[in-house]
Amino acid sequence: MVSQAFDYDLAIVGAGVGGHGAALHAVSCGLKTAIIEAADMGGTCVNRGCIPSKALLAAAGRVRELRNADHLKALGIQVKSVEFDRGTIANHAANIVSKLRGDLTNSLKRLGVDIIQGWGKVAGSQKLTIATDTGEKTITAKDIILAPGSIPWVPPGIEIDGKTVFTSDDGIKLESLPPWVAIIGSGYIGLEFSDVYSALGCEITMIEALPELMPGFDRDIAKIAERILITPRDIETKVGVLAQKVIPGSPVVIELADAKTKEVVDVLEVDACLVATGRIPYTQNLGLESVGVETDRRGFIPVNDKLAVLSAGEPVPHLWAIGDATGKMMLAHAASAQGIATVENICGRDRIVDYRSIPAAAFTHPEISFVGLTETAAKELGKEEGFEVAAVRTYFKGNSKAIAEGEADGIAKVVYRKDTGEVLGVHIIGLHASDLIHEASNAIAIRQSVQSLAYLVHAHPTLSEVLDEAYKRAAGHG
Ligand SMILES: Cc1cc2nc3c(=O)[nH]c(=O)nc-3n(C[C@H](O)[C@H](O)[C@H](O)COP(=O)(O)OP(=O)(O)OC[C@H]3O[C@@H](n4cnc5c(N)ncnc54)[C@H](O)[C@@H]3O)c2cc1C
Ligand SMILES: NC(=O)c1ccc[n+]([C@@H]2O[C@H](COP(=O)([O-])OP(=O)(O)OC[C@H]3O[C@@H](n4cnc5c(N)ncnc54)[C@H](O)[C@@H]3O)[C@@H](O)[C@H]2O)c1
């Protein structure tokens, strides 16, 4: 399919995971496609997010394991001493980034996607301008997908110097291992970095404005996560306090205020500070005004279920948005799922993304994962829609494989409707939780009940039996 009146069938602004996923699917649907990228091909995930952070976590996880003398001794293993080299760990992450960035770029080139390096802006209906190194270029496309992603949010009062006070963008480079690091925020980034830093010998103070740590997670899971990932480690926590002022330097000075009264309650002097207080959409200077689109209060691009961009509540013809900039779920796989769905909609095959069945994971040691609703959210929905909610828990310490591994900390929790048995949410903390979650995700995608899931057979002995047991218990099988 090549539209005669346009330069391209599809032009995508932003070559992150969302834009890349959309481009690959567009090619498979026969669309002549261009992708516009102002900075690094691969966006946040490949360059500053998922990939380098998982590389750091992989190295740090091994150091943690090899230094856990009691655990190794129980398996009959003795390791005299474990040394690591910070620089080599940092290079491991940087090398993976450049390899994956190259692979991603080549995959697009091989498929015939035109890559245009520059800043893309909507310039009216079905038209983009691109500020390139060699001047401004205008292209037309039958459809346009905006996938500009997100950037770290730094609260007012916090000064970043990129060396002593930094966001994940710089933290990911692991340029130093400061003896004492303050981490502001106990969300995904705070948790994952605390796992890396604590394994590599840094002392941590974790600061969270809300009254409880890990506010985004199911309450039971957050409590157990605190017991496993925080309390036994060199991590001090301060909850219900705002990091209201952070001044870079040596030392870094952090003014903590009561989150409610805003009165200063403490002043910390630490060696470094990671600011992990959330991310905001990167939607300024995107030319949205040229088609009458206003971002919401927080800067997200308004979209409908089909990911069409909205102006005053109505879809703007041929303009779509995906990924972090839509604020639906700030996850790489959610961005690419949205990209694929959008291309389907462009091709006239209606498709909406089922956010309920998209899993999420924090790659700590052990991992945390979940899909669907927390128990609290499920109960709220139950109240609105008139059904009751139940939850069952099973424990890794009752799982033969986890016991054999000597890593039996953790639980799985299944939240379901009492009347129909439909699974509404699954939450896991424990060994390989990020892989285990997918069978639950698939079950939610087809709205399966605990009664039918309880009859599925799981290989023995595997960690997946933690979920098997939960489904059976929920279905009343024992
Ligand atoms: C430290 C960290 C760890 C993470 N770990 C995970 C993880 O383990 N799993 C997971 O699922 N998610 C993870 N995420 C989140 C994940 O990185 C994002 O959800 C994902 O990158 C979003 O993809 P996107 O395509 O929407 O945007 P992005 O990846 O942000 O890409 C957007 C791209 O658009 C470009 N751009 C923006 N505006 C323009 C313009 N006007 N013209 C041209 N180009 C433009 C940008 O330069 C950028 O390259 C992590 C994030 C961070 C920060
Ligand atoms: N494994 C993964 O999938 C993964 C990993 C990293 C990042 N991400 C994505 O990146 C996004 C951003 O991660 P994040 O951890 O920065 O955000 P987050 O929203 O998960 O957590 C931010 C935390 O900071 C707290 N906070 C905000 N301002 C504060 C202040 N002034 N003082 C003290 N606490 C404060 C918030 O209450 C919140 O708990 C996530 O939403 C996630 O989608 C995903």
Side-chain angles (χ1 to χ4, degrees), residues 12-22 35-54 56-57 116-122 128 130-131 146-158 167-169 171-172 182-193 206-217 238-246 254 256-257 259 274-287 321-327 329-336 338-339 358-364 367-369 434:
I12 302 165
V13 178
V17 177
H20 178 244
I35 196 160
I36 295 114
E37 173 56 56
D40 297 321
M41 294 297 290
T44 306
C45 179
V46 169
N47 297 286
R48 302 170 291 281
C50 332
I51 301 304
S53 62
K54 264 78 266 179
L56 297 183
L57 281 157
I116 307 173
Q117 203 72 42
W119 184 264
K121 266 175 94 163
V122 180
L128 290 172
I130 303 151
L146 302 175
S150 67
I151 51 173
W153 177 65
V154 178
I158 298 182
T167 65
S168 57
D169 282 357
I172 216 77
I183 297 181
I184 309 178
S186 65
Y188 287 86
I189 296 182
L191 273 181
E192 290 188 349
F193 271 89
M206 185 177 264
I207 299 156
E208 171 56 55
L210 290 171
E212 286 169 311
L213 287 178
M214 300 166 246
F217 293 86
K238 293 184 181 291
V239 296
V241 287
L242 274 175
Q244 146 166 304
K245 202 172 193 185
V246 180
I254 304 179
L256 296 178
L274 168 71
V275 182
T277 45
R279 294 179 63 84
I280 46 168
Y282 192 29
T283 49
Q284 290 99 347
N285 196 21
L286 206 52
I322 60 170
D324 281 10
T326 63
M329 260 182 158
M330 285 184 151
L331 296 171
H333 45 283
S336 60
Q338 287 179 322
I358 296 184
F363 296 82
T364 44
E367 296 169 341
I368 309 175
S369 63
S434 70

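Keep in mind it's a predicted model, so treat the numbers as computed, not measured. Start at 1 and go down the list; that is how both ligands and their atoms are numbered.
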Mind checking whether Ala361 has a heavy atom under 4.0 Å from ligand 2? yes
Yes or no: does Ile158 have any heavy atom under 4.0 Å from an atom of ligand 2? no
Using a 4.0 Å cutoff against the non-hydrogen atoms of Pro215, which atoms of ligand 2 qualify? 39 (O)
Asp324 vs Pro281 side-chain heavy atoms within contact, under 4.5 Å: no
When the ring planes of Tyr188 and Phe217 are compared, do they come out parallel, tilted or perpendicular, using 30° and 60° as the limits? tilted
Check: Val13 and Leu128 side chains under 4.5 Å, non-hydrogen atoms: yes
Minimum-distance protein heavy atom relative to atom 18 (P) of ligand 2: Gly187 CA, 4.1 Å
What about Leu331: any of its N or O atoms under 3.5 Å from an N or O on ligand 1? yes
Give the numbers and elements of all ligand 2 atoms closer than 4.0 Å to a heavy atom of Leu210. 37 (O)
Protein heavy atom at shortest distance from atom 38 (C) of ligand 2: Glu208 OE1, 3.6 Å
Any N or O of Ser186 closer than 3.5 Å to N or O of ligand 2: no
Any N or O on Met330 sitting closer than 3.5 Å to an N or O of ligand 2? yes
Option with minimal heavy-atom separation from atom 8 (O) of ligand 1, where the choices are Met41, Gln117, Lys54, His333: Lys54
Just which atoms of ligand 2 are under 4.0 Å from any heavy atom in Leu331? 3 (O)
Here the atoms of ligand 1 under 4.0 Å from any heavy atom belonging to Met330 are 15 (C), 19 (O)
Nearest-0.5 Å distance, CG of residue Leu213 to CG of residue Leu191: 8.0 Å
Run the side-chain contact (heavy atoms from CB on, under 4.5 Å) check on Lys54 and Glu192 step by step: do they pass? CA-CA 9 Å; Lys54 264 78 266 179; Glu192 290 188 349; 2.8 Å; yes
Hey, could you give me the CD1/CD distance between Ile358 and Gln338, rounded to the nearest 0.5 Å? 7.0 Å
Tell me which one of Ser369, Ala209, Ala362 gets a heavy atom nearest to atom 34 (N) of ligand 2. Ala209
Residue Arg48 vicinity, atoms of ligand 1 by number, heavy atom under 4.0 Å: 1 (C)
Against heavy atoms of Arg279, which atoms of ligand 2 measure under 4.0 Å? 10 (O), 11 (C), 12 (C)
N or O contact, Ala332 vs ligand 1, cut-off under 3.5 Å: yes
Checking the N or O distance criterion of under 3.5 Å, is ligand 2 in contact with Ile189? yes
Provide the number and element of each atom of ligand 1 under 4.0 Å from a heavy atom of Gly43. 29 (O), 31 (O), 48 (C), 49 (O)
Nearest non-hydrogen partners of Gly16 and Glu37, listed with the distance: N-OE1, 4.3 Å
Enumerated ligand 1 atoms positioned under 4.0 Å from heavy atoms of Gly323: 26 (O)
Under 4.0 Å from one or more heavy atoms of Gly185, ligand 2 contributes atoms 23 (C), 24 (O), 25 (C)
So, is Ala38 polar-close to ligand 1, with some N/O to N/O distance under 3.5 Å? yes
Against heavy atoms of Ala147, which atoms of ligand 1 measure under 4.0 Å? 32 (C), 33 (C), 34 (O)
Begin with the C-alpha distance, continue with both residues' side-chain angles, and end with the deciding distance and a verdict on side-chain contact (heavy atoms from CB on, under 4.5 Å) for Lys238 and Met206. CA-CA 6 Å; Lys238 293 184 181 291; Met206 185 177 264; over 6 Å; no
What protein heavy atom is closest to atom 19 (O) of ligand 2, reported as residue, atom name and distance in Å? Gly278 CA, 4.0 Å
If I take atom OG1 from residue Thr364 and atom CE from residue Met214, how far apart are they, to the nearest 0.5 angstrom? 8.5 Å
Interatomic distance, Leu274 atom CG to Ile184 atom CD1 [nearest 0.5 angstrom]: 8.0 Å
Going by heavy atoms, is Gly118 under 4.0 Å from ligand 1? yes
Supply the atom-to-atom distance Thr283 OG1 to Ile151 CD1, rounded to the nearest 0.5 angstrom. 8.5 Å
N/O of Glu37 under 3.5 Å from N/O of ligand 1, yes or no? yes
Is the closest side-chain heavy-atom distance between Lys245 and Ile158 below 4.5 Å? no
Can you pull out the closest protein heavy atom to atom 4 (C) of ligand 2? Residue, atom name and distance to 0.1 Å, please. Tyr188 CD2, 3.5 Å
Measure the CD1-CD1 distance between Ile35 and Ile12 for me, rounded to the nearest 0.5 Å. 4.5 Å
Among Gly120, Ser150, Gly21, whose heavy atom sits nearest atom 41 (N) of ligand 1? Gly120
Only heavy atoms count here, so choose which of Thr277, Thr364, Asp324 is nearest to atom 27 (C) of ligand 2. Thr277
Ligand 1 and Cys45, any nitrogen or oxygen pair closer than 3.5 angstrom? yes
Heavy-atom contact under 4.0 Å between Ala276 and ligand 2? yes
Ligand 2 atoms in contact with Phe363 (distance to a heavy atom under 4.0 Å): 1 (N)
Backbone or side-chain N or O of Gly49 under 3.5 Å from ligand 1 N or O: no
Would you say the rings of Tyr282 and Trp119 are close, in the sense that their centroids are separated by under 6.0 Å? yes
Within-cut-off N or O pair, Thr44 and ligand 1, under 3.5 Å: yes
If you measure every N/O of Asp324 against every N/O of ligand 1, is any gap under 3.5 Å? yes
Proximal atoms of ligand 1 relative to Gly16 (non-hydrogen, under 4.0 Å): 25 (O), 29 (O), 31 (O), 33 (C)
What about Leu286: any of its N or O atoms under 3.5 Å from an N or O on ligand 1? no
Between Val239 and Leu210 the two heavy atoms that sit nearest each other are CB-O, 3.7 Å
Against ligand 1, does His20 come closer than 4.0 Å with any heavy atom? no
Just let me know how Ile189 lines up against ligand 1, side chain, backbone, both or neither, with a heavy-atom cut-off below 4.0 Å. side chain
Report the part of Phe363 in contact with ligand 1, treating N, CA, C, O as backbone and CB onward as side chain, heavy atoms under 4.0 Å; options are side chain, backbone, both, neither. side chain
My understanding is that we take every heavy atom of each candidate and find the minimum distance to atom 7 (C) of ligand 1. Doing that for Gly42, Ala22, Cys50, which one comes out nearest? Cys50
Which atoms from ligand 1 have a heavy atom of Ser168 less than 4.0 Å away? 1 (C), 53 (C)
Candidate with minimal heavy-atom separation from atom 32 (N) of ligand 2, of Ser434, Ala243, Ala334: Ala243
Can you list the ligand 2 atoms lying under 4.0 Å from a non-hydrogen atom of Ile184? 30 (C), 32 (N), 33 (C), 34 (N)
